[in-house]
Q: 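Handing you this structure, nothing more for now.
Throughout, a chain's letter reflects where its sequence line sits, starting with A, and its residues are numbered from 1. When reading the values below, keep in mind they use all heavy atoms of this one structure, side chains included, and skip hydrogens, waters and symmetry mates.
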Number of protein chains: 2
Amino acid sequence: MTDDHIMTIREMCDAFDVTPRTLRFYEAKELLFPIREGQKRLFTKRDRARLKLILRGKRFGFSLEEIRQLLDLYHMGDQQQTQLARTYEIAQQRLSDMEAQRDELNQAIDELKEQMRWGEKMLASMDQNKRAAE
Amino acid sequence: MTDDHIMTIREMCDAFDVTPRTLRFYEAKELLFPIREGQKRLFTKRDRARLKLILRGKRFGFSLEEIRQLLDLYHMGDQQQTQLARTYEIAQQRLSDMEAQRDELNQAIDELKEQMRWGEKMLASMDQNKRAAE
DNA sequence: CGTCTGAGTTACGTCAACGTAAATTCCCAT
DNA sequence: ATGGGAATTTACGTTGACGTAACTCAGACG
């Protein structure tokens, strides 16, 4: 299977469109744990899964630290009752944050549109004045 | 009139809920131009108008640099045809950016909700297992 | 054997918008 | 004159997520 394929840092970068720096940075932040064969890093299926979650987390607006905590909870032991519930809590919190953010954004958009209607009228009247002056 | 009232930095801070540091910072960035009487800064109606626009701009998600450019265009000379049109352009660009951002956010929210339904099922089934094990 | 490539480490740089601390100066009231 | 309370300047600190040198090391190739 290509499933347990072990990848070099370059393969990872190409596969996920990130830089080597990013992968090393994530390792330093304990988000990834590639195998160290000699000097080189080797990334397994596990790392790919984690990276996939990391990138998704970033799309969701989680910070790397939050993502690390979520990954820790996720890949931890077997009494995941409280853990998973906690994960769920964090995600729920994040969700309401995001919805609030969206609402703010919508409001800002509305205000800006209002401003721009103003600008339109301005432009139109100035255009008239301009033609009247010719 | 209270309109051409000249305000100290403290009055400004109280009126707009910002810190002195912020006002000095804006001056350093050439967003504000308070009168310098001796050592002190005195803020006029013009400064209040600009600050109002600055804070509004921030709510819209403009960077200070963008706001500075907009203010420069806005308060500039008298052939504002092109200038105002440019301002309008920039605002329009910013608007579409914001809408794109909102759409991304909405998508992320949807995805996250999907994940969380997963989490719910997980929790529910684990809860069943738990009770079955008692 | 030389060198080229790819990977590695270390560590400082970046960007935004201020916060914060230290030292100084200013005017005013006691 | 002497505090006391503003305001000032200068300049380093903060946060997050990497970018970007600079230098070393290990195989592979011709």
Side-chain angles (χ1 to χ4, degrees), chain A residues 5-44 47 50-72 90 94 97-98 101 104 108, chain B residues 6-44 47 50-71 90 94 97-98 101 104 108:
Chain A
H5 177 50
I6 283 181
M7 296 171 78
T8 72
I9 201 170
R10 186 99 302 277
E11 290 176 312
M12 287 291 279
C13 291
D14 294 344
F16 291 92
D17 193 35
V18 294
T19 69
R21 177 71 176 99
T22 299
L23 295 178
R24 299 193 192 106
F25 184 76
Y26 288 170
E27 184 185 0
K29 292 286 175 179
E30 303 191 275
L31 290 157
L32 294 177
F33 306 96
I35 305 168
R36 303 303 293 264
E37 181 164 321
Q39 282 293 31
K40 310 201 167 179
R41 293 166 172 82
L42 295 177
F43 298 82
T44 70
D47 298 305
R50 291 178 74 96
L51 183 52
K52 211 176 288 184
L53 290 176
I54 292 169
L55 297 179
R56 174 179 295 173
K58 294 205 60 181
R59 290 210 317 280
F60 290 167
F62 288 93
S63 71
L64 289 185
E65 174 54 21
E66 289 172 319
I67 292 173
R68 192 188 60 72
Q69 292 177 22
L70 290 175
L71 283 175
D72 283 357
I90 297 181
R94 181 72 203 141
D97 285 356
M98 286 167 62
Q101 191 182 335
E104 270 187 61
Chain B
I6 285 181
M7 296 172 78
T8 71
I9 202 171
R10 185 99 306 274
E11 290 175 313
M12 286 292 279
C13 291
D14 294 344
F16 291 93
D17 193 36
V18 295
T19 70
R21 179 69 176 98
T22 300
L23 295 178
R24 298 193 193 105
F25 183 77
Y26 289 170
E27 184 185 359
K29 291 287 175 179
E30 303 191 275
L31 289 159
L32 294 178
F33 306 96
I35 305 168
R36 302 303 294 269
E37 181 165 318
Q39 283 291 32
K40 311 202 165 177
R41 293 167 173 80
L42 295 178
F43 298 83
T44 70
D47 296 306
R50 291 179 74 96
L51 182 53
K52 212 176 287 184
L53 290 175
I54 292 168
L55 297 179
R56 173 178 296 172
K58 294 205 62 181
R59 291 212 315 280
F60 291 166
F62 288 93
S63 71
L64 289 186
E65 174 55 22
E66 289 172 318
I67 292 173
R68 193 187 59 74
Q69 292 176 23
L70 290 175
L71 283 175
I90 297 181
R94 181 76 203 137
D97 284 357
M98 287 167 61
Q101 191 182 335
E104 270 187 60

Q: Under the side-chain hydrogen bond (donor to acceptor under 3.5 Å, both in side chains) rule, what pairs show up with a residue in residues 29-40 of chain A, not counting sequence neighbours?
A: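 Only A/Glu27-A/Arg36 qualify under side-chain hydrogen bond (donor to acceptor under 3.5 Å, both in side chains).
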Q: Please determine whether side chain to side chain contact (heavy atoms under 4.5 Å, CB included) holds for the pair A/Arg68 and A/Glu65, giving the CA-CA distance in whole Å, both sets of side-chain angles, and the decisive distance to 0.1 Å.
A: CA-CA 5 Å; A/Arg68 192 188 60 72; A/Glu65 174 54 21; 2.9 Å; yes
Q: To the nearest 0.5 Å, how far apart are CG in B/Leu31 and CD in B/Gln69?
A: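 Output value for this atom pair is 10.5 Å.
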Q: Specify the closest pair of heavy atoms between B/Leu51 and B/Leu32, including all atoms of both residues, with the distance to one decimal.
A: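 Nearest heavy atoms, B/Leu51 then B/Leu32: N-CD2, 4.0 Å.
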Q: To the nearest 0.5 Å, tell me how far B/Leu55 CG sits from B/Tyr26 OH.
A: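 That separation rounds to 6.0 Å.
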Q: Rounded to the nearest 0.5 Å, what separates atom CZ in A/Phe62 from atom CG in A/Leu53?
A: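 Those atoms lie 11.0 Å apart.
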Q: Chain B on DNA chain C: first and last contacting nucleotide, 5' to 3', under 4.0 Å to a heavy atom?
A: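 The footprint of chain B covers C/dA17 to C/dT20.
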Q: Drop me the distance from B/Phe16's CZ to B/Ile54's CD1, to the nearest 0.5 angstrom.
A: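 It comes to 9.5 Å.
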Q: For residues 6-13 of chain A, please give each side-chain donor-acceptor pair under 3.5 Å, one per line with the distance, not counting sequence neighbours.
A:
| residue | atom | partner | partner atom | Å |
| --- | --- | --- | --- | --- |
| A/Thr8 | OG1 | A/Arg10 | N | 3.3 |
| A/Thr8 | OG1 | A/Glu11 | N | 3.2 |
| A/Arg10 | NH1 | A/Asp14 | OD1 | 3.1 |
| A/Glu11 | OE1 | A/Thr8 | N | 2.9 |

Q: Once rounded to the nearest 0.5 Å, what's the spacing between atom CG of A/Leu71 and atom CZ of A/Arg50?
A: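 One finds 4.5 Å between CG of A/Leu71 and CZ of A/Arg50.
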Q: Using five pairs at either end of the helix from C/dC1-D/dG30 to C/dC28-D/dG3, determine the angle between the two local helix axes and round it to 10 degrees.
A: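 It comes to 30° between the two terminal axes.
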Q: Under 4.0 Å from a heavy atom of chain B: give me the 5'-most and 3'-most nucleotides of DNA chain D that qualify.
A: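 So the outermost contacting nucleotides come out as D/dA7 to D/dA11.
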Q: Excluding sequence neighbours, so at least two apart, what forms side chain to side chain contact (heavy atoms under 4.5 Å, CB included) with B/Arg59?
A: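 Here the qualifying residues are A/Glu111, B/Arg56.
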Q: Give the residues of residues 20-42 of chain A touching DNA chain D, defined as any heavy atom closer than 4.0 Å, sorted by residue number.
A: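 DNA chain D contact set from residues 20-42 of chain A: A/Arg21, A/Thr22, A/Phe25, A/Tyr26.
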Q: Kindly write out the residues that satisfy salt bridge (Lys or Arg N to Asp or Glu O under 4.0 Å) with A/Arg24, not counting sequence neighbours, or none if the list is empty.
A: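 Partners of A/Arg24 under the salt bridge (Lys or Arg N to Asp or Glu O under 4.0 Å) test: none.
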